[in-house]
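The basis for the numbers below is simple: all heavy atoms, side chains too, and nothing from hydrogens, waters or symmetry mates. If you're wondering where the values come from, they're calculated on a predicted model, not measured in any experiment. Chain letters run A, B, ... following the sequence lines, proteins first, then strands; residues in each count from 1.
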Amino acid sequence: MKGLLLKELYGFYAIGKSLLLIPAVILGLFLLNGEGATLYALFSILPPVVSLISIILATSSINMDSASKWNSYAVTLPVSRRQIIQAKYLICIGAGCLIQILVLILRLAFSGGEGWTGILVESLVTMGVQVVPVSILFPLMIRFGPEKSRLILALIFGLVGASIPLIGFNEGFSGLEPGSWPLSSPAALIGGAAAVLAFLAVLLGLSYSLSVRFFCRQEL
Amino acid sequence: MDTANAIECRGLSKSYTGFTLKDLCLTLPEGSIMGLIGENGAGKTTTLKAMLGLIHPDAGETFLLGQETRSPGFTQAKEEIGVVFDDVFFYPAYTPQRIGSILRRLYRRWEPEVYESLLRRFSLPERKPVSTFSRGMKMKLAFAAALSHHARLLILDEATSGLDPVMRDEILDLLREFVQEEDHSVLLSSHITSDLEKIADRIAYLQNGELVFSRNKDELLEECGVLRCGHEELQRLDRSRLIGLREGRFEAEALVLDRAGLQRQYPGLTIDPAKLEDIMVFYHWEHHPESQKEGC
């Protein structure tokens with residue numbers, strides 16, 4: 001199992017060099033911001049950057065496996081098919097979430113607790129942005145291969161994107177003022193955060209079990 | 001399950017559109033090298049994949065080193081199985097050094113010294129990415145990986161195809177060294193029958209998904225022969241003893257399975273010793289007479 005994790009990390013290292021451009025550009029833009037370029041502000045922009053890079057790394061990992069036919073070899077190694085999937089989830093999603101949590105702790109520490117509700121909501125949103133697409137994409141990529149699954153994901157997000165204006169602007173969100181949001185109190189916020197985390201955990205669990213099932217049935 | 005068999009397949013079957021591996025029964029005794037031969041699409045790779053659990057057979061079972069390949073204990077048994085395919089399936093950006101680091105954490109009995117010495121023996125640079133390697137270098141790397149964890153069984157799928165004769169000879173030497181240990185066994189699928197003539201103890205021949213025979217190589221080559229005769233002589237022969245009879249304008253040729261017996265019965269006939277390639281070709285003609293070209 002350790003070997004599988006190391007294989008993923010080496011893979012990230014191989015593709016990570018080209019991804020360094022993303023944080024470099026963001027850091028450059030950030031530093032151009034002059035007075036606004038504080039350490040706290042830097043931590044504020046980290047979560048979405050981590051999300052973006054995590055998604056790219058996770059999908060690249062499966063793409064590289066597919067291109068190199070790694071899984072055919074991996075199945076001959078003294079590991080089970082379940083462990084091959086476990087390693088992928090641990091590194092591709094687990095590590096990203098861990099970094100998000102670390103960034104959240106750092107942000108809370110640097111802010112001295114001020115505006116913690118906003119920080120928490122932002123962190124949850126970025127974690128969701130990271131976990132949801134990868135959780136959907138992983139089983140699809142394992143079942144249908146990288147090419148088809150990218151099309152399916154684009155279709156899903158296209159439909160979701162197209163449905164937001166219909167649902168949000170016509171009925172739901174138009175009547176809500178910021179002060180009247182149900183999550184405006186700390187207790188409601190913590191409850192909401194817990195609900196979001198629980199949703200992400202369920203989604204992740206479902207995604208993992210589907211991926212294992214697909215991979216165990218897969219002919220390599 | 002007989003533990004003296006490195007491989008035992010019983011009734012292995014797998015169907016695809018246009019191809020069926022039919023009820024394959026195959027046994028590789030420990031300490032032997034078996035060559036798996038057959039035309040393209042005969043089912044060699046399907047057989048190896050089904051044995052290793054890469055594909056799911058429709059029926060039958062396979063025991064490798066005494067473990068049924070669908071049993072939970074097979075994961076453990078894979079510690080002692082080395083597999084080399086016709087390519088290297090590592091990311092092109094990985095170096096042999098990194099591959100070694102990965103495999104060291106996967107195999108309990110991984111021997112870094114053995115791996116490094118094999119890399120040196122094959123003149124493989126440790127720190128260069130696999131993407132810069134030639135096909136021969138990649139195959140050597142795959143062999144180095146397969147031989148560095150105390151494997152008792154090697155399964156090789158067309159592992160010497162596309163290599164030049166010098167490299168193939170190096171790899172055959174390696175296999176000879178490997179089987180010096182009496183419990184070490186090799187199953188090697190290959191088109192290059194001359195390699196198998198050099199090193200195999202047994203030959204299994206697949207045709208259209210069916211096992212035609214699995215026999216001791218020396219006995220097979222001793223018994224089989226290629227008959228070449230004129231049409232008049234051919235009229236005197238019992239045709240049921242001829243395989244893949246090919247009749248040309250002046251001469252006919254066929255494979256015979258009892259060279260010595262036929263020679264005794266017809267002393268004047270020319271029956272040359274058969275090579276594995278001859279056996280494959282005549283069996284092909286036997287089953288596909290339409291593909292024969294007029295020759296001789």
So which part of Asp65(A) gets closer than 4.5 Å to some heavy atom of chain B, the side chain, the backbone, both or neither?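 The answer is both parts of Asp65(A).
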Given a strict heavy-atom distance threshold of 4.5 Å, which part of Leu4(A) is in contact with chain B: side chain, backbone, both, or neither?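 Answer is both: backbone and side chain atoms of Leu4(A) are under 4.5 Å from chain B.
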Please flag which part of [X] lies under 4.5 Å from any non-hydrogen atom of chain A: side chain, backbone, both or neither.
X	answer
Glu79(B)	both
Leu103(B)	side chain
Ala145(B)	side chain

At what distance, to the nearest 0.5 angstrom, does OG1 of Thr75(B) lie from CD of Gln83(A)?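 Here the interatomic distance stands at 7.0 Å.
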[atom1]/[X]: more than 12 non-hydrogen atoms of other groups inside 6.0 Å:
X	atom1	value
Arg82(A)	CZ	no
Lys22(B)	NZ	yes
Arg217(A)	CZ	no
Arg108(B)	CZ	no

Which heavy-atom pair separates [X] from [Y] by the least distance, and what is that distance?
X	Y	result
Leu6(A)	Ser101(B)	CD2-O, 3.7 Å
Leu54(B)	Arg81(A)	O-NH2, 3.3 Å
Tyr107(B)	Thr76(A)	OH-O, 4.3 Å
Tyr16(B)	Glu219(A)	OH-OE1, 3.6 Å
Tyr94(B)	Gly11(A)	OH-N, 3.3 Å

Could you tell me if the ring centre of Tyr73(A) sits under 6.0 Å from that of Phe90(B)?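 Centroid distance Tyr73(A)-Phe90(B): below 6.0 Å, so yes.
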Working for side-chain contact (heavy atoms from CB on, under 4.5 Å), residues Phe85(B) and Lys69(A): CA-CA 11 Å; Phe85(B) 293 106; Lys69(A) 298 182 188 166; over 6 Å; no
Test your reading of the model: is there a side-chain donor-acceptor pair from Lys78(B) to the backbone of Val75(A), 3.5 Å cut-off?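 Between the backbone of Val75(A) and the side chain of Lys78(B) there is a qualifying donor-acceptor contact (under 3.5 Å).
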Based on non-hydrogen pairs under 4.5 Å, which of Ser68(A), Ser80(A), Ala74(A) is most in contact with chain B?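 Looking at each option in turn, the highest pair count goes to Ser68(A).
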